[in-house]
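Proteins come first, then strands; the chains are lettered A, B, ... in the order of their sequence lines, and each starts at number 1.
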2 protein chains.
Amino acid sequence: MASSMLDRLKAGGKKLTKPRKAILAVLEQSPLPITAADVHDRLKAQRKPADLVTVYRNLAMLQELGLVNTVGLHDGQMRYEVRHGREHHHHIQCRGCGKIVDLMLCPIKKLTALVEAKTKFAVDSHTLEFFGWCPQCR
Amino acid sequence: MASSMLDRLKAGGKKLTKPRKAILAVLEQSPLPITAADVHDRLKAQRKPADLVTVYRNLAMLQELGLVNTVGLHDGQMRYEVRHGREHHHHIQCRGCGKIVDLMLCPIKKLTALVEAKTKFAVDSHTLEFFGWCPQCR
DNA sequence: GTGTTACATGCAAGTCACTTGCAATTGTAA
DNA sequence: TTACAATTGCAAGTGACTTGCATGTAACAC
Ligand SMILES: [Mn+2]
Ligand SMILES: [Mn+2]
Ligand SMILES: [Zn+2]
Ligand SMILES: [Zn+2]
């Protein structure tokens, strides 16, 4: 686990329990955002089962500490990915098979100032997701 | 109601029932996307109550016919707005009061070709939502 | 090591948006 | 007016996620 993560956890008064370490390991092993149920399944597969509610509570905590990002693809479940120094980016999901691919780009940054000027809001974040058909499902 | 809507409904073999007309009226009177519960509440306020499940079924049907857009703001409820010839656009929501404002712009169209080239997906849609603080909540 | 304690876990039950089954109703068109 | 498919309302079901609470355990001080 990245030591910055350990530091952030310690700074937040968090304990390094066995389930928590396993959850963090699962997240770090996943290059793409995964659901709480995914995490739960992979924990069981790795013979380190933890209750689903423990997964949810840890994901919420990690999000509060800014260690994971949430990705909402409007299919009824949130997905989570470790931040881990990776740049802000977006995703595309296939409508056929559900495959998700990272898009290492954000076309929005330049637009924030324009949106702020138009709306007088102070913009602090945005979500941008693409949907379509992957080569196999086309 | 816009006559194109009537045409699309008729073409889809849909009946113009009393609840359905009231639901369409509520949607047409709302300049911003609203939830199924909002529609339900406004129907009651207008003395034309309809069951919440009827609202949900009509919203799903209208979406299938392409007469309404869905807007997902990741707060656990979908929102709906009539398409009604308005251009594709996006929204910004205040984290304080929940206020939603239309952004009559889409900076993404030009990007679709780039995303398709990078991923080999056939992109057919995207979602883009902004979050921040409105002037009153700042 | 032992003890202390705040944090964390697991189970059960609860919530909330949304969906489904089904019998009764209604719009539409012959 | 009749006939029938579409639609409605109510009740029950689903699924993701949350909360209450008793038990467990990491962390830190002796
Ligand atoms: Mn990603
Ligand atoms: Mn809008
Ligand atoms: Zn971005
Ligand atoms: Zn757009």
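Side chains of A:K120 and B:C134 form no contact here, defined as non-hydrogen atoms less than 4.5 Å apart.
Scored by the side-chain contact (heavy atoms from CB on, under 4.5 Å) test, B:R95 finds A:D124, A:S125, B:F131, B:W133 as partners (sequence neighbours excluded). Under the rule for a side-chain contact (heavy atoms from CB on, under 4.5 Å), the partners of B:R42 that lie at least two apart in sequence or sit in another chain are B:V26, B:S30, B:I34, B:D38. Every ring pair (Phe, Tyr, Trp, His ring centres under 6.0 Å) that A:H88 has, sequence neighbours left out, goes to A:H90, A:H126. Legend: residues meeting side-chain contact (heavy atoms from CB on, under 4.5 Å) with B:P49, ordered by chain and number and at least two apart, are absent. Residues satisfying the salt bridge (Lys or Arg N to Asp or Glu O under 4.0 Å) test with B:D41, not counting sequence neighbours, are none. By the salt bridge (Lys or Arg N to Asp or Glu O under 4.0 Å) test, A:E81 pairs with A:R86, sequence neighbours left out. The side-chain contact (heavy atoms from CB on, under 4.5 Å) check on A:R20 picks up A:K14, A:T17, A:L24, A:N58, A:M61, with sequence neighbours excluded.
A 6.0 Å sphere centred on NZ of B:K48 holds no more than 12 heavy atoms belonging to other residues, nucleotides or ligands.
Here the P atom of nucleotide C:dT9 and the NZ atom of A:K48 are 15 Å apart, to the nearest Å. Rounded to a whole Å, the CE atom of A:M61 is 14 Å from the P atom of D:dT18. The CZ atom of B:R20 sits 17 Å away from the P atom of D:dA5 (whole-angstrom rounding). Straight-line distance from the CG atom of B:L59 to the P atom of C:dC18: 9 Å, rounded to whole Å. Look at CG on B:L9: it is 14 Å from P on D:dA6, rounded to the nearest Å.
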- [ ] Going 5' to 3' through nucleotides 10-17 of chain C, assign each nucleotide B (protein heavy atom under 4.0 Å from a base atom), S (under 4.0 Å only from sugar-phosphate atoms) or - (no protein heavy atom that close).
- [x] BB-----S
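Within residues 33-47 of chain A, no residue approaches DNA chain C, by heavy-atom distance under 4.0 Å.
Remark: the backbone N or O of A:T35 is not paired with any side-chain donor or acceptor of A:Q77 at under 3.5 angstrom. Checked by atom type and distance alone, the side chain of A:D102 never pairs as donor or acceptor with a backbone atom of A:M104 at under 3.5 Å. Panel note: side chain A:T119, backbone A:V115; a donor-acceptor pair is recorded below 3.5 Å.
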Distances for protein N or O near nucleotides 25-30 of chain D N or O, under 3.5 Å:
residue	atom	partner	partner atom	Å
D:dT25	O2	A:K15	NZ	3.0
D:dA26	N3	A:K15	NZ	3.1
D:dA27	OP1	A:L16	N	3.1

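Legend: side chain to side chain donor-acceptor pair (under 3.5 Å) pairs involving residues 63-75 of chain B, not counting sequence neighbours, sorted by first then second residue: A:H74-B:H74, B:N69-B:R83, B:D75-B:R79.
Of the two residues contacting DNA chain C, namely B:A60 and A:I23, the nearest-nucleotide position lying further toward the 5' end is that of A:I23.
Taking the screw axis at each terminus of the helix from C:dG1-D:dC30 to C:dA30-D:dT1 from five consecutive base pairs, the angle between the two is 30° to within rounding of 10 degrees.
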